[in-house]
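The structure displayed is predicted, hence computed values, not measured ones.
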Amino acid sequence: AVAAGDLDRVKKLVASKVDVNETGPQRITAMHLASEEGHPEILSALIDAGANIDRPNAQGMRPLHLAANAEIARTLITNGARVNFGMPSPLYMATMNGKADVVRELLSNDANAKDSDCATMLNWAAFAGQLEVIEVLFELRDAGELLKVPSTYSPLHVAASGSFGDMNSPQRVTPQQRLSVTRFLVEKGADVNARWGSNLNPRSGAAHMIGATPLMFAAAKGDAEIVKFLLEQKADAQATSSSGQTALHLAAQYGYRAVVELLIEAKADVNALTREAKTPLDLTQDAKVKDLLIQKGGKTASELLKDSQR
């Protein structure tokens, strides 16, 4: 009855003293269903009948984690649902699922209200391509403060690369969504030359990328539109990571000809050397990229050495 949104049927069942806390598969209760399906009147009827407002299902999700909209979230919170409880949190779930109105409701009720927590949600929203959630975060919190919270990743790195940690953005997140998020973040003051991994262990497996910029992440992803936009916003095409890699090294290494062309047009050094003495030409295995680099004066490290000895 709850899943079907049949309020009259639910009221009759409640009146007949049915167990409103009965669990089904995966320990799902009627409260979970009413919350997820967005049935506020049914939700209120269940609460009035003594339904447990905070019972977790088998995945640890409580009704508030599943709230379909702000009205549902507000009803649950008003009746005592715990806002800051559970891992993942209700705020994380609303952020990842793009429920901007629920995010607003949760933050208005002090859900993880610290700037550091909101900054983490900003990264997750960028990861999930949820622009409306990012807009809400900046509406309710100072954009400058959120963007300067210390973190291994900046939200611009996340949007530019489509990755966060060792995870890639969900397949449903399109390049256009990532570009829209990137544009909005820059508009709000995100640093196009922010450096990645300032608090990373130098001995970690990703140490070679310490100091990488959003442009370098976008180049490694092969996203020409984001690379073009970042270059238009004065991203430094000559910036290097701790390993001496530039955006051009990364684009060449992965065979992204369109990105290589954009970077060369932006005056990237075609003969820049990494700390291991590798030029972009040394790193590429792509024939078209190789031809383009040579056409633009690119050489291998050994060729540069021979030139210097003449």
Side-chain angles (χ1 to χ4, degrees), residues 26-29 31-38 43 53-143 145-147 149-159 161-173 177-178 180-181 184-185 188 190 199:
Q26 300 297 307
R27 298 207 300 270
I28 292 173
T29 67
M31 286 289 289
H32 288 105
L33 291 173
S35 179
E36 187 170 19
E37 296 296 328
L43 192 72
I53 206 163
D54 269 332
R55 175 170 287 181
N57 63 17
Q59 286 73 44
M61 299 292 104
R62 295 173 297 109
L64 187 58
H65 284 90
L66 306 176
N69 53 52
E71 183 180 2
I72 293 292
R74 190 178 308 118
T75 299
L76 289 167
I77 294 168
T78 300
N79 285 279
R82 287 178 286 180
V83 175
N84 295 313
F85 182 78
M87 287 295 290
S89 68
L91 181 59
Y92 169 85
M93 294 299 295
T95 295
M96 291 297 289
N97 289 304
K99 298 175 181 177
D101 59 337
V102 176
V103 169
R104 180 183 283 107
E105 190 67 30
L106 290 169
L107 287 176
S108 297
N109 284 277
D110 294 326
N112 296 324
K114 294 185 295 183
D115 280 347
S116 59
D117 294 311
C118 289
T120 299
M121 289 305 113
L122 179 58
N123 278 344
W124 282 119
F127 173 77
Q130 303 294 4
L131 179 57
E132 290 185 4
V133 171
I134 294 173
E135 290 172 340
V136 168
L137 288 169
F138 283 156
E139 173 190 325
L140 299 179
R141 296 290 186 273
D142 182 83
E145 292 300 316
L146 291 189
L147 288 170
V149 170
S151 176
T152 300
Y153 284 80
S154 76
L156 197 55
H157 283 99
V158 176
S161 65
S163 64
F164 192 15
D166 59 358
M167 296 176 292
N168 291 322
S169 291
Q171 289 186 346
R172 60 174 172 74
V173 181
Q177 284 177 294
R178 289 177 37 246
S180 295
V181 169
F184 185 75
L185 290 170
K188 291 297 181 180
N199 57 353

If every non-hydrogen atom of [X] is compared with every non-hydrogen atom of [Y], which pair is closest and at what distance?
X	Y	answer
V136	R104	CG2-NH2, 3.5 Å
N123	S154	OD1-C, 3.5 Å
V102	A73	CG1-CB, 4.2 Å
V173	R178	CG1-CG, 3.7 Å
A190	L156	CB-CD2, 4.1 Å
L137	L146	O-CD1, 4.0 Å

Less than 4.5 Å apart, any side-chain heavy atom of [X] and any of [Y]?
X	Y	answer
E105	N109	yes
M93	M61	yes
L106	Y92	no
F138	L122	yes
L76	M31	yes
N57	H65	no

Residue E139 excluded, over 12 heavy atoms near CD under 6.0 Å:
yes

Are any side-chain N or O atoms of [X] and backbone N or O atoms of [Y], one a donor and one an acceptor, separated by less than 3.5 Å?
X	Y	result
R172	A128	yes
N97	K99	no
R62	R82	yes

Measuring from atom [atom1] of [X] to atom [atom2] of [Y], what distance do you get when rounded to the nearest 0.5 angstrom?
X	Y	atom1	atom2	value
S180	E132	OG	CD	11.5 Å
N84	L91	CG	CG	8.5 Å
I134	L185	CD1	CG	5.0 Å
T78	E71	OG1	CD	10.5 Å

side-chain contact (heavy atoms from CB on, under 4.5 Å) between L107 and R141: does it pass, once the steps are laid out?
CA-CA 10 Å; L107 287 176; R141 296 290 186 273; 4.2 Å; yes

So F164 and F127, would you call those rings parallel, tilted or perpendicular, with 30° and 60° as cut-offs?
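Plane angle between 30° and 60°, so tilted.
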
Under 3.5 Å, is there a donor on one side chain and an acceptor on the other for H32 and S35?
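No.
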
